[in-house]
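Naming: A, B, ... by sequence-line order, numbering from 1 per chain.
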There are 4 protein chains.
Amino acid sequence: MSSTSPVLFDIQPQLATPIYRQVVEQVQRLVAGGQLAAGDELPSVRAVAERHAINPMTVSKAYSLLEAEGLLERRRGLGMVVAASAQPARVGGDRLALLEPALLAVARQANQLGVTPAQAVKALEQAFQSIEQDRP
Amino acid sequence: MSSTSPVLFDIQPQLATPIYRQVVEQVQRLVAGGQLAAGDELPSVRAVAERHAINPMTVSKAYSLLEAEGLLERRRGLGMVVAASAQPARVGGDRLALLEPALLAVARQANQLGVTPAQAVKALEQAFQSIEQDRP
Amino acid sequence: MSSTSPVLFDIQPQLATPIYRQVVEQVQRLVAGGQLAAGDELPSVRAVAERHAINPMTVSKAYSLLEAEGLLERRRGLGMVVAASAQPARVGGDRLALLEPALLAVARQANQLGVTPAQAVKALEQAFQSIEQDRP
Amino acid sequence: MSSTSPVLFDIQPQLATPIYRQVVEQVQRLVAGGQLAAGDELPSVRAVAERHAINPMTVSKAYSLLEAEGLLERRRGLGMVVAASAQPARVGGDRLALLEPALLAVARQANQLGVTPAQAVKALEQAFQSIEQDRP
DNA sequence: GTGGTCTAGACCACA
DNA sequence: GTGGTCTAGACCACC
């Protein structure tokens, strides 16, 4: 999967979470999910910057943080690749742990909104479907 | 419900979202969920500040934004109350709309993590249970 | 016009209306009057603060309110610009609507003072002339 | 005129100017305009408070300020009356001076809105007409 | 460089 | 008692 199509980041500048964080977290999740495997190339800083009309330094910062974290490696003159040491989360539980903050936020907000767990679950299933349509 | 117990905010300083935003969003949801009705009094700036050990100006900023938004009204010299024009979301759909950003975030993150919708739904149900324990 | 000279705020600390409100209202009027167009940059918080010898937070508060109102947009790390959605009042009538509260105040006060409409009109014309002299 | 109908204050709690100030300024203008003459009785604190659903202390504060200013006198057990020393503004110029702040505000706002003096004058005349209709 | 957030504390205005 | 305004200064985040 990683060799067929280049990674496309889902960047939304209008969100509160800073752009470089959006990049960092997406790479983390794509690696944990196995969609980015050791040795896979990442799009160049310039390519990402132009594609999303953002500052190259912002992309560079994200990549640097991921490098410092050990998830990416810098291949001189070639760009960044997923580090050999990077492994997808072994078991489902590890992946769910990464998802938990978002899940807790949903649960808390639903309570305050007076939305029942059953309603929230149903709405989550619909959310998955609406996401599907974006990238069939 | 609004007359029985004073509003309690759930403030978590360690979160990335600033404190004043946490207050703003909670009031928005409590009104939409009907737990705060038109005319209900909000806890005073000083009371909230002392209760959560934060600066009064932080609370004041949140209240001011909610007033600008039309959700709160200032009773001069008395305090803030929920605006007469503030209405709870009439139907469940409106409440779910407020929940949608968080739901989409979960769905997107789950996809990137390789977590299936079914697994996410199950995890969400567990998240609701772990929240329950906080306020029995 | 917007590209030739940076915006200059007319701040008068001795007035009853708070400084941050003066800034907010002036930006609203300058946009409605077309003297600030979509995309125009606003002077930085620090520049305004130093220019008028006021606290940066006071300016920041004004800008934040204008952002919440949708009139300004934050260019992260760069500064504030007039929002793309901000439009000058299309017809003169819209501008006069913004002027109406002040006009009604004059009319009401004139009536209570026993000043005739004709006298008030003449005095208003003189007021325009005295304003002219401030910025030739 | 003052003997035929009791004074009616025009109080608007939603305005930024505090209620007690609205009362103070109106009395000042009504005296300057000759609509309230020396010896005229003012409505009682309680009457005003009930009529406008405001706090009696607010009215009392306004009356006290006007007394301190020498414009009103306290007749024990009878209420407040316009002071014997209170005189209407002798010439029109004095009255216009009291109107000037409001006029300057209109001129300044019009300039920022791109409204010409001629347009503003015309709008002011219309404002007078719309006021007329309220109290024929 | 830009704006954002929070604190601590003072003083004012309103009811 | 209530909230509002402003200051001074620190620290952070983003570009």
Side-chain angles (χ1 to χ4, degrees), chain A residues 13 15-24 49 53-62 65, chain B residues 11 13 15-23 41-49 52-68 72-81, chain C residues 11 13 15-23 41-49 52-68 72-81, chain D residues 13 15-23 45 49 53-62 65:
Chain A
L15 286 188
T17 56
I19 298 172
Y20 85 94
R21 277 249 113 228
Q22 296 183 32
V23 174
V24 166
I54 59 179
N55 194 313
M57 280 191 56
T58 306
V59 185
S60 179
K61 178 173 180 177
L65 285 174
Chain B
I11 294 179
L15 286 188
T17 55
I19 297 173
Y20 83 93
R21 277 254 111 223
Q22 296 184 33
V23 175
E41 291 182 9
L42 275 86
S44 81
V45 166
R46 291 162 169 87
V48 176
H52 296 93
I54 58 180
N55 191 299
M57 269 205 65
T58 304
V59 185
S60 179
K61 182 175 182 178
Y63 281 9
S64 295
L65 285 173
L66 287 162
E67 187 198 10
L72 298 186
E73 276 173 8
R74 229 184 340 192
R75 293 261 183 268
R76 290 203 263 196
L78 300 178
M80 310 287 294
V81 301
Chain C
I11 295 179
L15 286 187
T17 56
I19 297 173
Y20 83 93
R21 276 252 113 228
Q22 296 184 33
V23 174
E41 291 181 10
L42 274 87
S44 81
V45 165
R46 291 160 168 87
V48 175
H52 295 95
I54 57 179
N55 190 300
M57 266 205 67
T58 305
V59 186
S60 179
K61 182 175 180 178
Y63 281 9
S64 295
L65 286 173
L66 287 162
E67 187 199 9
L72 297 186
E73 277 174 7
R74 232 184 340 193
R75 294 262 183 267
R76 290 204 262 198
L78 301 177
M80 312 286 294
V81 301
Chain D
L15 285 188
T17 55
I19 297 171
Y20 85 93
R21 279 252 109 223
Q22 297 184 32
V23 174
V45 166
I54 58 180
N55 194 313
M57 282 193 55
T58 305
V59 185
S60 179
K61 178 173 181 178
L65 284 173

Item to check | Intra- and interstrand pairs of DNA chain F - dot-bracket, Watson-Crick/G-U under 3.5 Å, | marks other strand | outcome: ||||||||||||||.
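Legend: residues meeting salt bridge (charged side-chain N to carboxylate O under 4.0 Å, His left out) with B:Arg76, ordered by chain and number and at least two apart, are absent. By the side-chain hydrogen bond (donor to acceptor under 3.5 Å, both in side chains) test, C:Arg46 is found to be paired with no residue, residues two or more places apart in sequence or in another chain being considered. With sequence neighbours excluded, the residues satisfying side-chain contact (heavy atoms from CB on, under 4.5 Å) with C:Leu15 are C:Gln12, C:Thr17, C:Gln22. Not a single salt bridge (charged side-chain N to carboxylate O under 4.0 Å, His left out) links C:Glu41 to another residue, sequence neighbours left out. Every residue meeting the side-chain contact (heavy atoms from CB on, under 4.5 Å) condition with C:Thr58, not counting sequence neighbours, appears here in chain and number order: C:Ile19, C:Tyr20, C:Asn55. Residues that satisfy the side-chain contact (heavy atoms from CB on, under 4.5 Å) test with C:Ser64, not counting sequence neighbours, are C:Ser60.
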Item to check | Base versus backbone protein contacts along nucleotides 1-10 of chain E [heavy-atom cut-off under 4.0 Å; B, S, -] | outcome: BBBSSBBBB-
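Atom CG of residue C:Leu42 and atom CG of residue C:Leu72 lie 5.5 Å apart, to the nearest 0.5 angstrom. Taking CZ of A:Arg21 as the start and CG of A:Leu65 as the end, the distance is 7.5 Å to the nearest 0.5 Å.
Rounding to whole angstrom units, CG of residue B:Leu15 and C1' of F:dA13 are separated by 17 Å.
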